[in-house]
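Reviewing the structure listed below.
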Amino acid sequence: MKAIDHTEKQIKWFVDVGVDLFDVAVRYHNGRMAWHRGVTESTLKLYLPWARSANAWKSYENPGADVYIRPARGEGWPILFFDDVPDWVIAEVPEADIPMLAVRTSREGGHHLWVHCDRKLCERDRYLWQRALHDTLQADPCSVSGEHLGRLAGVKNRKRGDEWVNVVYSYVTGEPLHLAATPPGASLRPNINQPDTPREGGAVVHLSGSRDSSDSGREWGYVCGALEHGADEDVVMADLEERARRRGKPNPAYYARTTVQKAKRHIQW
């Protein structure tokens, strides 16, 4: 299957399970993020040559850009997302007879797994369900936020040795995953979707020992906790940049890049 076929197969799965608006992001080697938000399927396909070109162009000073996709933020979607799901779990996915999309993202066997569920979920409820179910799928506990980005299939993962990101399983005809009426822990963290609340990655750790309640302090705790638990620093950086931009922080790309670099040094002490 050609690279573009993997891309189209991924998009088709999203459309088939009810997604009609997308966010696509390109992260360049210097940490800068370029976004197209809330685009339709037809518009998304117009942006694909640009995204693929950014991913393909590589030189001594430029290792190529990484490309991410997700159902558009701010909408309710009947989808759950799990990151870094291992090979042996993916091998058992067909037995569930539930509509799922598995995208292999690295040679080590990490996969993104998108699961179709039986109702539209707001961002907070996606977080709660993903937090509740990630252990069952042996997925990354730091990647359960309801707004998480996944990698676009059909391009290379520049972060992981230029490995191709490919669709390995796509199924839409089974019964969606049935969820209880109330997600586990629904009474917890009632303000999780508020703009000034840091994105929860499953483990927010203030390694410095302080409890800084400022925006930057909470974001610092999120970044340190996510990196300590093995989250992809590119995704953490993209998350932090988007949050900083939403709250109007000057030069959000620089802030995100320097915060992640500082946190990497901090957790190695």
Side-chain angles (χ1 to χ4, degrees), residues 1 3-24 41 44 67-73 75-123 125-155 157 160 163-181 183-184 201-202 231-232 235:
M1 189 160 57
I4 190 63
D5 295 333
H6 286 275
T7 307
E8 292 180 350
K9 193 168 187 177
Q10 182 183 36
I11 295 171
K12 185 179 186 303
W13 186 88
F14 282 129
V15 171
D16 286 346
V17 299
V19 176
D20 56 10
L21 291 175
F22 301 86
D23 293 338
V24 59
E41 178 191 5
L44 171 63
V67 186
Y68 302 93
I69 191 172
R70 69 182 175 196
R73 192 172 182 205
E75 305 286 339
W77 303 113
I79 285 180
L80 297 174
F81 171 81
F82 301 94
D83 185 19
D84 209 20
V85 179
D87 277 325
W88 69 268
V89 174
I90 297 299
E92 296 179 357
V93 159
E95 298 179 12
D97 197 35
I98 293 170
M100 299 190 207
L101 173 75
V103 179
R104 188 180 183 92
T105 61
S106 68
R107 179 179 299 177
E108 292 80 6
H111 299 78
H112 289 169
L113 185 64
W114 302 87
V115 181
H116 183 205
C117 52
D118 63 352
R119 65 174 62 89
K120 291 183 178 181
L121 301 172
C122 67
E123 195 169 284
D125 285 351
R126 289 196 298 271
Y127 157 74
L128 291 170
W129 278 110
Q130 288 163 183
R131 185 184 66 174
L133 298 174
H134 79 270
D135 191 54
T136 301
L137 295 167
Q138 298 296 298
D140 182 4
C142 298
S143 302
V144 296
S145 70
E147 56 191 312
H148 213 72
L149 290 159
R151 288 188 177 271
L152 181 72
V155 297
N157 183 340
R160 296 287 183 264
E163 288 296 313
W164 283 100
V165 179
N166 289 331
V167 173
V168 296
Y169 181 77
S170 175
Y171 180 61
V172 296
T173 58
E175 289 293 322
L177 177 66
H178 178 72
L179 300 176
D232 188 316
V235 174

May I ask you to test the Leu101-Val17 pair for a side-chain heavy-atom distance under 4.5 Å? no
Does any part of the side chain of Leu44, heavy atoms only, come nearer than 4.5 Å to the side chain of Val24, both counted from C-beta? yes
Nearest-0.5 Å distance that lies between atom CG in Asp118 and atom CG in Leu177: 7.0 Å
With heavy-atom distances below 4.5 Å as the criterion, would you say the side chains of His111 and Asp87 are in contact? yes
To the nearest 0.5 Å, tell me how far Asn157 CG sits from Arg151 CZ. 3.5 Å
For Trp129, give me all partners under ring-ring contact (aromatic ring centres under 6.0 Å, His included), at least two apart in sequence or on another chain. none
Residues 12-24 vs side chain to side chain donor-acceptor pair (under 3.5 Å), sequence neighbours excluded, gives Lys12-Asp16, Asp23-Arg70
So how far is it from Asp125 CG to Leu179 CG, rounded to the nearest 0.5 Å? 9.5 Å
Pairing residues for Glu175 by the side-chain hydrogen bond (donor to acceptor under 3.5 Å, both in side chains) criterion, not counting sequence neighbours: none
Measure from the ring center of Phe14 to the ring center of Trp77 and say whether it is less than 6.0 Å. no
Rounded to the nearest 0.5 Å, what separates atom NE2 in His148 from atom CD in Gln130? 9.0 Å
Heavy-atom check, side chain of Met100 versus side chain of Tyr169, under 4.5 Å: yes
Measure the SG-CD1 distance between Cys117 and Ile98 for me, rounded to the nearest 0.5 Å. 10.0 Å
Non-neighbouring partners of Glu75 that pass salt bridge (charged side-chain N to carboxylate O under 4.0 Å, His left out), sequence neighbours left out: none
Closest contact, heavy atoms only, Thr7 versus Gly154: OG1-CA, 3.5 Å
List in chain and number order the residues that pass side-chain hydrogen bond (donor to acceptor under 3.5 Å, both in side chains) with His116, two or more places apart in sequence or in another chain; answer none if no residue qualifies. none
The side-chain hydrogen bond (donor to acceptor under 3.5 Å, both in side chains) partners of Glu41 (sequence neighbours excluded) come to Lys45
